[in-house]
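Take a look at the structure below.
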Amino acid sequence: MNRRDQVAGEVLVRRLFAEHGAALLAYATRLSGDRAVAAEIVRETLLRAWSSNSALSEDRGAVRAHLFSALREVANAPADPLEMLAAVGTLPPEQREVLNQLYFQGRDVKEAAASLGLPAETVKSRSSEALRRLREAVAPAAEPTGVS
């Protein structure tokens, strides 16, 4: 790789991170349960995006979809939404409601706690337990989530 290609690649990765990094990091953190692991997953995702930049030449929506798909692959996350939906269905109702508030309604812990009439610590513990159970349910025989 010549110097010009290297610089162009660095610019691409920086632009992708500026536009999509926060969303990728939040999603990777939810998948992995660990912010340090999530940062490594995002780094690997962006490196893969750089190496296959022809897939990133579409409009922003297509780029974002490609990045999230690559992130799920890097994180060994389930790609099948039906698998995840079935796993959510196995959770106790109180854990499902917390996940609904946090991830589908887009509320933060304080807002979810107020909406549910619960202490924030209860929301945090239910969310943590629900995510742990989901990881176990969708990948029971897989290695722990992370970067190889």
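Just so it is clear, the structure is predicted and the values come from calculations on it, not from any experiment.
Closest heavy-atom contact between Arg107 and Ser115: NH1-OG, 3.3 Å. The heavy-atom pair separating Leu31 from Ala75 by the smallest distance is CD1-CB, 4.2 Å. Nearest heavy atoms, Pro119 versus Ala113: C-CB, 4.0 Å. Looking at every heavy atom in both residues, Val37 comes nearest to Ser32 through CG1-CB, 3.8 Å. Taking each heavy atom of Ala112 and Val123 in turn, the nearest pair found is CB-CG1, 4.2 Å.
Lys124 NZ to Lys110 NZ: the interatomic distance, rounded to the nearest 0.5 Å, is 11.5 Å. In this structure, CD in Glu97 is found 9.5 Å from CG in Leu118, a value given to the nearest 0.5 Å. One finds the OG atom of Ser127 at 9.0 Å from the CZ atom of Arg30 (value rounded to the nearest 0.5 Å). His20 contributes atom NE2, which lies 12.5 Å from atom OG1 of Thr45 (distance to the nearest 0.5 angstrom).
A heavy-atom distance below 4.5 Å is not found between the side chains of Asp108 and Leu102. Between Val98 and Thr122, every side-chain heavy-atom pair lies at or beyond the 4.5 Å cut-off.
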Leu99 vs Leu134, test: side chain to side chain contact (heavy atoms under 4.5 Å, CB included). Steps then yes/no.
CA-CA 11 Å; Leu99 292 183; Leu134 287 175; 3.7 Å; yes
Check against side chain to side chain contact (heavy atoms under 4.5 Å, CB included), Ile41 and Leu25
CA-CA 8 Å; Ile41 290 169; Leu25 185 58; over 6 Å; no
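Under the 3.5 Å distance criterion, with hydrogens and angles disregarded, no donor-acceptor pair is assigned to the side chains of Arg126 and Gln95.
The number of heavy atoms from other shown groups lying within 6.0 Å of CZ (Phe68) is above 12. Few gaps surround CZ on Arg132; more than 12 heavy atoms of other groups in view lie less than 6.0 Å from it.
For Arg133 and Glu136, the salt-bridge test fails: no basic side-chain N is under 4.0 Å from an acidic carboxylate O. With salt bridges taken as basic N to acidic carboxylate O contacts below 4.0 Å, one links Glu73 and Arg48.
No option in Leu16, Thr29, Leu46 other than Leu46 meets the side-chain contact (heavy atoms from CB on, under 4.5 Å) test with Leu24.
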